[in-house]
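What follows is a set of notes on a single structure, which appears directly below.
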Number of protein chains: 2
Amino acid sequence: MLPVMSLRKPAPATATPGDRPGTRDRILDASAELFGRQGFTGTGIKSILAASEAPFGSLYHFFPGGKDELGAASIRRSGIGYRQLVEAFFVPGEGGVVDVVGATTAFFTGAAEMIASTDYADACPIATIALEIASVSEPMREAAAEAFESWLTVLQSAFATAGVGQVRSRELAVELFCAIEGAFLLSRTLRSPDPIRIAGLAAASSVADALRSS
Amino acid sequence: MLPVMSLRKPAPATATPGDRPGTRDRILDASAELFGRQGFTGTGIKSILAASEAPFGSLYHFFPGGKDELGAASIRRSGIGYRQLVEAFFVPGEGGVVDVVGATTAFFTGAAEMIASTDYADACPIATIALEIASVSEPMREAAAEAFESWLTVLQSAFATAGVGQVRSRELAVELFCAIEGAFLLSRTLRSPDPIRIAGLAAASSVADALRSS
DNA sequence: ATACTGCTAGAGCGATCTATCCAATCGCAG
DNA sequence: CTGCGATTGGATAGATCGCTCTAGCAGTAT
């Protein structure tokens with residue numbers, strides 16, 4: 001049985017229970033959403049503050065390094081959120097076993113539903129900003145690299161646990177990452193969920209093949 | 001025999017022979033390079049003009065619609081250039097036949113060499129800007145969608161010509177697109193050519209499978 | 001009450017951005 | 001040559017950018 005959940009980010013862990021999240025969290029949430037939709041340079045500080053209903057002074061109180069520090073923090077936070085999401089699909093609960101082929105299919109299906117339900121606006125919260133700053137800001141690039149690596153690690157160990165060899169597990173993880181990220185790009189640009197469906201079928205098939213020959 | 005060429009864009013067709021390209025072409029070339037590296041909003045008009053050694057007035061002479069028109073034109077131009085590149089690998093010359101598996105491998109190998117040789121700066125000239133503007137500018141989004149579709153069409157007919165069914169050919173084209181674009185993202189972020197190598201092996205294997213069962 | 005700390009609130013600065021406008025210059029046809 | 005449209009060069013407007021600064025607020029400890 002696979003986890004029933006959407007691909008939406010879970011509520012931040014540091015939010016006061018029963019209350020609205022703290023200012024810092026609201027800023028980070030708004031940043032992740034806007035950066036993912038319009039990119040880093042395409043999103044002004046003021047729009048972030050407006051979206052998060054935060055006062056101007058608070059931003060530089062929590063992020064003295066300014067927009068760059070906010071960008072890196074936003075990337076790290078999104079990286080953790082998405083890693084937990086991948087874990088929800090690919091890491092078993094107490095003593096359970098995960099059907100990695102089914103998990104792959106479920107993950108892509110959930111992704112297709114989410115992107116369509118947000119009118120093709122919200123896909124990967126890091127990809128947009130990563131491409132923008134990979135050759136421009138080394139600290140942000142490193143934050144994105146660590147986020148991506150953490151996702152790959154989760155996938156790799158899931159495949160290894162399922163019986164696939166270490167090297168092939170890493171390759172499978174990279175293949176799955178490329179499939180979903182490429183599909184996000186194509187899906188958002190064409191405004192169609194088809195690429196995600198197609199990429200999901202191919203990814204599941206690759207995983208099944210690797211399992212069979214292990 | 002596969003075409004021996006780099007993944008670099010060919011010289012513009014409208015360039016005066018033996019002379020340096022016209023102002024409009026120089027602006028478009030510089031735009032494609034800078035947009036691909038730093039994104040659309042991250043690239044200022046002045047940097048484009050400086051890089052293309054073009055005067056300020058010329059930009060608004062050739063692109064009265066301003067930066068948005070320039071962005072759309074840049075996307076269209078890059079789309080044509082990359083389509084011709086894909087054709088060089090996947091479309092046979094006079095009465096020849098293309099080994100689509102070999103073409104796939106060669107394409108990814110060439111991409112890995114190019115991205116590493118540009119210090120992980122130049123990969124897909126459209127992906128960065130496409131993610132940025134997909135939810136912001138409809139004209140530019142459509143330009144990117146047309147460019148991507150034209151690449152998919154070339155790939156699809158190559159597979160169909162090689163004997164793969166129409167539906168499966170389209171799926172294969174989308175898979176290959178997702179693999180290379182996702183690999184570009186991961187490669188630029190991690191500063192490693194490995195993702196492209198891994199994605200290339202997987203893509204070639206998918207193509208081989210499809211050929212076998214056709 | 002007083003003092004201290006963490007956070008809020010916004011005015012406003014210098015820099016930078018896109019875009020407009022116009023005069024100077026070029027290339028070529030008559 | 002003369003005339004004329006196409007192109008160039010840049011000054012500058014108007015808006016927006018990221019960011020700094022200071023003043024004030026709430027809550028807690030003393």
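To find a chain, count down the sequence lines: A is the first, B the second, and so on, and within it residues start at 1. Note that the structure is predicted; figures quoted are calculated from it, not measured.
- In this structure, the side chain of B/Ser205 does not engage the main chain of B/Leu201 through any donor-acceptor pair within 3.5 Å.
- Rounded to whole Å, atom P of D/dT8 lies 14 Å from atom CZ of B/Phe56.
- Atom CZ in B/Arg24 sits roughly 12 Å away from atom P in D/dT8 (whole-Å rounding).
- Atom CZ of A/Phe63 is separated from atom C1' of C/dT8 by 15 Å (rounded to the nearest Å).
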Distances for protein N or O near nucleotides 22-27 of chain D N or O, under 3.5 Å:
none

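- Computed from coordinates, the A/Glu69 CD to D/dG18 C1' distance equals 14 Å when rounded to whole Å.
- A donor-acceptor pair shorter than 3.5 Å cannot be found between the side chains of A/Thr128 and B/Glu132.
- One distance of note links OG of B/Ser206 with CG of B/Leu176; it measures 8.5 Å at 0.5 Å rounding.
- Atom SG of A/Cys124 is separated from atom CG of B/Leu185 by 7.0 Å, given to the nearest 0.5 angstrom.
- Listed in residue order, the members of residues 42-51 of chain A having a heavy atom less than 4.0 Å from DNA chain D are A/Thr43, A/Gly44, A/Ile45.
- If you take CZ on B/Arg188 and CG on A/Leu131, they are separated by 6.0 Å, rounding to the nearest 0.5 Å.
- Side chain of A/Ser78 to backbone of A/Ser74: a donor-acceptor contact under 3.5 angstrom is found.
- In this structure, A/Thr23 reaches the C/dT8 phosphate: one of its side-chain N or O atoms is under 4.0 Å from OP1 or OP2.
- The separation between B/Asp68 atom CG and C/dA19 atom P is 7 Å, rounded to whole Å.
- Side chain of B/Lys67 to backbone of B/Gly44: no donor-acceptor contact under 3.5 angstrom is found.
- Legend: salt bridge (charged side-chain N to carboxylate O under 4.0 Å, His left out) pairs involving residues 168-184 of chain B, not counting sequence neighbours, sorted by first then second residue: B/Glu149-B/Arg170, B/Arg168-B/Glu171, B/Arg168-B/Glu175.
- One atom, OH of B/Tyr60, and another, P of C/dT18, lie 7 Å apart when rounded to the nearest Å.
- Between the CZ atom of B/Phe62 and the C1' atom of D/dT8 there is a distance of 9 Å, given to the nearest Å.
- Residue contacts shown for A/Gly57 include a base, since a base heavy atom lies under 4.0 Å away.
- As rounded to whole Å, 14 Å separates atom C1' of C/dG10 from atom CG of A/Leu59.
- Although no hydrogens or angles enter the test, the distance criterion places no donor-acceptor pair under 3.5 Å between the side chain of A/Thr189 and the main chain of B/Ala130.
- In this structure, B/Ser58 does not reach the D/dT7 phosphate: none of its side-chain N or O atoms is under 4.0 Å from OP1 or OP2.
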